[in-house]
Amino acid sequence: MKALLLSEYKRLAVADMPEPVPGPGDVLVQVAACGICGSDVHGYDGSSGRRIPPVVMGHEAAGVVAGVGSDVRGFAKGDRVTFDSTVYCGVCDFCRRGEMNLCDNRQVVGVSCNEFRRAGAFAEYVTVPERIVYALPPGLKFAEAAMLEAVSVALHAVAVSEVSGGETALVIGAGMIGLLVLQAARAAGCSRVFVADIDATRLKLAKNLGADETVLASGEDLIREVSRLPGERGMDLVLEAVGRDETVNAAIDCVRKGGTVTLVGNIAPKVSLPLQKVVTRQIRLQGSCASAGEYPQAMELISNGKIKVEPLITAVAPLSDGPEWFARLYAREPNLMKIVLDPREGAK
Ligand SMILES: NC(=O)c1ccc[n+]([C@@H]2O[C@H](COP(=O)([O-])OP(=O)(O)OC[C@H]3O[C@@H](n4cnc5c(N)ncnc54)[C@H](O)[C@@H]3O)[C@@H](O)[C@H]2O)c1
Ligand SMILES: [Zn+2]
Ligand SMILES: [Zn+2]
């Protein structure tokens with residue numbers, strides 16, 4: 001089969017590789033769409049240490065079942081499916097509590113690090129355990145399904161924020177994750193959702209996707225702008241989707257007393273914490289990692305149009321264009337959002 005192989009850092013090419021054979025509990029998927037994730041781009045040059053070559057990356061995928069292992073009961077050849085990017089064990093204490101994102105034996109599709117290696121979906125075929133596979137609803141396109149992982153991340157961030165409806169929310173960062181968090185906060189019943197970024201084109205998208213107001217500012221300027229929003233005494237909820245010192249600190253300054261700051265962004269390994277502000281204003285800092293069972297909800301919200309993913313897909317391209325798209329993403333070419341690769345023969 002054809003696969004996009006990272007043979008050494010920054011060296012990506014289509015290669016002929018053996019087709020994977022499903023184990024007894026595995027599903028063999030013929031990949032029809034696989035999104036390039038920011039984490040793939042960060043892995044590509046070795047900076048994250050999570051894509052040690054040789055590796056086939058790709059974990060945001062959908063396709064058609066091409067074969068099943070002897071123990072698989074829930075899927076059959078020809079089914080349209082997607083799968084979780086997290087390969088959880090299903091038996092540890094966390095998995096049993098439904099916190100599969102915290103699984104003690106967690107692996108990720110298309111990741112190779114010191115603890116494990118797993119072939120990913122920038123390939124014609126990939127095998128994954130049956131427990132992480134979901135059937136796709138009939139109307140959902142493969143390229144849209146490649147967005148499910150990111151949508152699930154956004155839904156999880158809102159879920160751990162415990163929104164009950166009517167809250168005001170500020171999303172800091174209007175990248176792929178922030179724009180989905182915006183829509184997830186809306187879908188969860190936040191009464192007003194504001195979005196901040198330093199990139200005006202991203203904020204235009206935020207407006208089109210339902211932001212009540214957008215703020216083109218960061219750091220101190222952002223805090224000042226937010227304090228000027230009519231009728232606001234601080235946000236009930238701030239969702240941080242950048243992950244830098246200044247944006248985390250702005251998040252803490254923009255939330256109301258007793259409010260919640262949910263931390264999704266994680267670009268910087270460390271940030272400073274204004275301890276006394278957090279303690280005396282009794283702010284809840286809540287981390288959010290990946291997703292834990294949000295895939296079905298994500299499929300429903302895309303299908304019923306409450307979450308729009310098409311405006312976030314920049315291009316759908318054949319696997320052979322993968323190296324060029326990686327280079328463009330790596331060079332931080334402006335205005336690129338999600339690139340989806342289609343490994344099927346004859347894909348254009
Ligand atoms: N917790 C999780 O499970 C999870 C999952 C996926 C991604 N992430 C993290 O979420 C973050 C966002 O990911 P993404 O894919 O949306 O990235 P992205 O690059 O698409 O978006 C980042 C956005 O932040 C904006 N930005 C940068 N500096 C800023 C500043 N100082 N003030 C305001 N805005 C600023 C950029 O203009 C951009 O729009 C990253 O840190 C990523 O690692 C976390
Ligand atoms: Zn991803
Ligand atoms: Zn587990």
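Note that ligands are numbered from 1 as they come in the structure, with each ligand's atoms numbered from 1 the same way.
The heavy atom nearest to atom 8 (N) of ligand 1, out of those in Ile198, Asp245, Val264, is found in Val264. Evaluated by nearest non-hydrogen atom to atom 36 (C) of ligand 1, the leading choice among Asn101, Asp197, Asp199 is Asp197. Closest heavy-atom approach to atom 9 (C) of ligand 1 among the candidates Leu263, Thr201, Asn266: Asn266.
Atom 17 (O) of ligand 1 lies below 4.0 Å from none of the non-hydrogen atoms of the protein. When distances from atom 21 (O) of ligand 1 to the protein are checked, a heavy atom turns up under 4.0 Å.
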Go through the steps for Tyr330 and Tyr44 under the test ring pair (Phe, Tyr, Trp, His ring centres under 6.0 Å), then give the verdict.
CA-CA 8 Å; Tyr330 186 68; Tyr44 166 78; 5.3 Å; yes

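The atoms of ligand 1 that sit less than 4.0 Å from any heavy atom of Thr247 are 30 (C), 31 (N), 32 (N), 33 (C). Near Ile267, with a cut-off below 4.0 Å to any heavy atom, the atoms of ligand 1 are 40 (C), 41 (O). Here is the list of ligand 1 atoms found below 4.0 Å of a heavy atom in Arg202: 20 (O), 21 (O), 38 (C), 39 (O).
Not a single N or O atom of Gly243, backbone or side chain, sits closer than 3.5 Å to an N or O atom of ligand 1. Polar contact with ligand 1: absent for Val153 (N/O pair, distance under 3.5 Å). Between Met176 and ligand 1, an N or O atom pair is found at a separation short of 3.5 Å.
At the Zn ion (ligand 3), the vertex angle linking SG of Cys103 with SG of Cys89 is 100° (nearest 10 degrees).
Under the 4.0 Å criterion applied to side-chain N and carboxylate O atoms, Arg328 and Glu333 are assigned as salt-bridge partners. Between Arg244 and Glu246 there is no salt bridge, since no side-chain nitrogen of the basic residue lies less than 4.0 Å from a carboxylate oxygen of the acidic one. With respect to Asp84 and Arg131, no salt bridge is recorded, no charged nitrogen being found less than 4.0 Å from a carboxylate O.
Looking only at side-chain heavy atoms (C-beta outward), Val316 and Phe142 stay at 4.5 Å or farther from each other. Using a 4.5 Å cut-off on side-chain heavy atoms (C-beta onward), Val81 and Leu136 make no contact. For the pair Ile36 and Val41, the minimum side-chain heavy-atom distance is below 4.5 Å. Contact check for Cys190 versus Thr168: no side-chain heavy atoms found under the 4.5 Å cut-off.
Tested against Gln107, the residues Glu115, Arg118, Arg117 include a single side-chain hydrogen bond (donor to acceptor under 3.5 Å, both in side chains) partner, Arg118.
The nearest N, O or S atom of Glu149 is closer to the Zn ion (ligand 2) than 2.8 Å.
The Zn ion (ligand 2) is closest to atom NE2 of His59 (considering only N, O or S atoms). Atom OE2 is the N, O or S atom of Glu60 at the shortest distance from the Zn ion (ligand 2).
Ranking protein heavy atoms by distance to atom 13 (O) of ligand 1, first place goes to Ile177 CG1, 3.6 Å.
Ligand 1 has at least one atom lying under 4.0 Å from a heavy atom of Ala241. Residue contacts with ligand 1: Gly265 is included, with a non-hydrogen atom under 4.0 Å away.
The six-membered or imidazole ring of Phe83 lies away from that of Tyr134, with a centre-to-centre distance of 6.0 Å or more.
Remark: the Thr214 side chain and the Arg202 side chain contain no N/O donor-acceptor pair separated by less than 3.5 Å.
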